K.L.:
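Just passing along the structure, written as structure tokens.
Because the structure is predicted, anything quoted here is derived from the model rather than measured.
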Amino acid sequence: MHQFKITQKIKNLDISNIKDNLFHYSYDSKSLRALFKKNISEDDPSYISAYGSFRGEVYENIVYELLMEFAQTEELITRFVVKGPYQDKENKYIKSGLLIDRSSQIVYKSAYKDISEFDALFFTKDSVYFVEMSTSKKTSSLNKRLAKKYALLKMIFPTLQIRALIVLTQGSIGIRNFPDYATVWVTKDLSDEDLIKKIIFSKRNKKNIKTLKPPVHKKFIEALSVRYKKFQYFPTLEWILTKSRSNPKFIVDLKFFSSYKLGLYFDIYTKLYIGYINSEDFAVLYPTFNMSVRDDRVIVTIEKVNQTQLDIVYYAKLTNGVLKRIRLMEDGEASIKDKEPDGFTNAEVRFFMKVLEDKHKLYVKNINFIKDKLFLIKE
């Protein structure tokens, strides 16, 4: 793999040529402005959180601007996707696929929801690079997010190598833990407080920001012009259910989940749906279960609960509309969490409540067998 080398200009966050451009990006500064007006102490947790988040936005835009300069002179880069103030506003109305969203970020959207966001995206002759930037010194959560982005890009660019460029600040920990496909750059910290405060209070800091023309160069392209294989979110989930239940020898074909492609699906979706169990049977598995669920169905999934472990996890849509995630632990206890009403999981469960049929019903013996044989699934 080619390892792009960081330039001194990027390493030192030299903004001498691009400073004015930073004021044309869209920022979320309302909460910070309100805190400033209230004279909130800079030691207040609410100020620290809001300011740190805003500082991260400015850092991302600085690195993006410097990457645009880098792309023009780096011979191996063939195409570079423009975003932010360089994006043609008329393309913001596209609802699915690889696009620029209303906040001018590069996203892949399906079923009106963002599957993944990329801080920058560029191409070489045989690869696509996604860029992630962070001012956080802890990198573990960033590292975990890479798997989903990698898997999604592998689906929509099946003939290309998928690479990542990670841009961090000095003092970041866990740099050696990133996967082999990632190149890590380390810059100095963003310490220009005067610049940050000027951007916070800039009158140009509005949603309807001025569109800037990118430098005249054949490498700069809009997301709309990128060719890729479309990834269909819900039809793919239904196909996985159908295939996993189609082997006449097994109630659920666990070997089906062991392919490389299914490993990518686990990274994209986290959980794959295999059927449902009724309330009475679920109470055998979880004796203290006393929730009233819609249609007498508790949906059953095989879920990637961490980077290396799979488990059976249940989703119960209560009659009051609340969606519960239930994972039964080895000690007989249960881990129960409420899922966000507008999140992907709620949308998935609504979809499967309509798709699941009597033939998809599972029984206690089926669940126990599947749980005992999850080790057969090898990524």
K.L.:
Between Lys304 and Asp267, is the salt bridge (Lys or Arg N to Asp or Glu O under 4.0 Å) condition met? List the steps.
P.N.:
CA-CA 8 Å; Lys304 194 170 187 178; Asp267 285 334; 2.6 Å; yes
K.L.:
Could you please spell out the steps behind the side-chain contact (heavy atoms from CB on, under 4.5 Å) verdict for Leu195 and Lys19?
P.N.:
CA-CA 9 Å; Leu195 171 67; Lys19 184 175 182 179; 3.9 Å; yes
K.L.:
Asp194: what forms a side-chain hydrogen bond (donor to acceptor under 3.5 Å, both in side chains) with it, not counting sequence neighbours?
P.N.:
Lys198
K.L.:
Taking the inter-plane angle between the rings of Trp185 and Phe70 on a 0 to 90° scale, is it parallel (under 30°), tilted (30 to 60°) or perpendicular (over 60°)?
P.N.:
perpendicular
K.L.:
The criterion is salt bridge (charged side-chain N to carboxylate O under 4.0 Å, His left out); which residues satisfy it with Glu117, sequence neighbours excluded?
P.N.:
none
K.L.:
Going by heavy atoms in the side chains, are Ile312 and Thr301 under 4.5 Å from each other?
P.N.:
no
K.L.:
I would like to know whether Trp239 and Tyr233 meet ring pair (Phe, Tyr, Trp, His ring centres under 6.0 Å); could you show each step before the answer?
P.N.:
CA-CA 10 Å; Trp239 172 80; Tyr233 195 89; over 10 Å; no
K.L.:
Side-chain contact test, heavy atoms from C-beta onward, threshold under 4.5 Å: evaluate it for Phe250 versus Val252 and give yes or no.
P.N.:
no
K.L.:
Could you note down all residue pairs passing salt bridge (charged side-chain N to carboxylate O under 4.0 Å, His left out) where residues 333-345 supplies at least one of them, sequence neighbours left out?
P.N.:
Lys324-Asp338
K.L.:
Sort and list the pairs that fulfil side chain to side chain donor-acceptor pair (under 3.5 Å) and have at least one residue in residues 50-63, not counting sequence neighbours.
P.N.:
Tyr27-Asn61, Tyr51-Glu193, Tyr59-Thr187, Glu60-Lys83
K.L.:
Say whether, by atom type as modelled, one donor and one acceptor occur between the side chain of Tyr86 and the main chain of Val81 under 3.5 angstrom.
P.N.:
no
K.L.:
Is Lys11 atom NZ crowded by more than 12 heavy atoms from other residues, nucleotides or ligands, each under 6.0 Å away?
P.N.:
no
K.L.:
Please list all pairs meeting salt bridge (charged side-chain N to carboxylate O under 4.0 Å, His left out) that have one or both residues in residues 237-264, counting only residues at least two apart or in different chains.
P.N.:
none
K.L.:
Any side-chain donor paired with an acceptor under 3.5 Å for Asp14 and Ser16?
P.N.:
yes
K.L.:
Among residues at least two apart in sequence or on other chains, which ones pass side chain to side chain contact (heavy atoms under 4.5 Å, CB included) with Ser136?
P.N.:
Ser134, Lys138
K.L.:
For residues Lys219 and Thr78, is any side-chain donor paired with an opposing acceptor at under 3.5 Å?
P.N.:
no
K.L.:
Let me see the working for Ser335 and Met329 under side-chain contact (heavy atoms from CB on, under 4.5 Å), right down to the final yes or no.
P.N.:
CA-CA 7 Å; Ser335 170; Met329 313 305 284; 4.1 Å; yes
K.L.:
Take Asp189 and Lys137, measure what salt bridge (Lys or Arg N to Asp or Glu O under 4.0 Å) needs, and give me the verdict at the end.
P.N.:
CA-CA 10 Å; Asp189 275 314; Lys137 303 303 181 187; 2.7 Å; yes
K.L.:
Please, which pairs that meet side chain to side chain donor-acceptor pair (under 3.5 Å) have at least one residue in residues 272-291, sequence neighbours excluded?
P.N.:
Tyr273-Glu348, Ser279-Asp296
K.L.:
What class does the angle between the rings of Tyr64 and Tyr25 fall in, given that below 30° is parallel, 30 to 60° is tilted and above 60° is perpendicular?
P.N.:
perpendicular
K.L.:
Give a yes or no on this: more than 12 heavy atoms of other residues, nucleotides or ligands lie within 6.0 Å of atom CZ of Phe234.
P.N.:
yes
K.L.:
How far apart are the C-alpha atoms of Leu153 and Leu160, what are their side-chain angles, what is the distance that settles it, and do they pass the side-chain contact (heavy atoms from CB on, under 4.5 Å) test?
P.N.:
CA-CA 9 Å; Leu153 290 175; Leu160 296 179; over 6 Å; no
K.L.:
Which is it for Asn21 and Glu65 under the side-chain hydrogen bond (donor to acceptor under 3.5 Å, both in side chains) test, yes or no, and what are the steps along the way?
P.N.:
CA-CA 8 Å; Asn21 295 348; Glu65 286 280 338; 3.2 Å; yes
K.L.:
Applying side chain to side chain contact (heavy atoms under 4.5 Å, CB included), name anything that partners Ile48, two or more places apart in sequence or on another chain.
P.N.:
none
K.L.:
Among side-chain atoms of Thr345 and Lys271, is any donor-acceptor pair under 3.5 angstrom?
P.N.:
yes
K.L.:
Report yes or no: is the cationic atom of Arg79 (NZ for Lys, CZ for Arg) closer than 6.0 Å to the six-membered ring centre of Phe123, at no more than 45° off its axis?
P.N.:
yes
K.L.:
Listed by chain and number, what are the side chain to side chain contact (heavy atoms under 4.5 Å, CB included) partners of Thr139, not counting sequence neighbours?
P.N.:
Leu168, Ser172, Phe178
K.L.:
Name all residues meeting the side chain to side chain contact (heavy atoms under 4.5 Å, CB included) criterion together with Lys149; count only those two or more places apart in sequence or in a different chain, and write none if there are none.
P.N.:
Ser116, Phe118, Phe130, Glu132, Arg145
K.L.:
Filter on salt bridge (charged side-chain N to carboxylate O under 4.0 Å, His left out), then keep only pairs touching residues 310-322, sequence neighbours left out; what's left?
P.N.:
Asp311-Arg327, Asp311-Lys371
K.L.:
Tell me the ring-ring contact (aromatic ring centres under 6.0 Å, His included) pairs involving residues 307-338, sequence neighbours left out?
P.N.:
Phe282-Tyr314
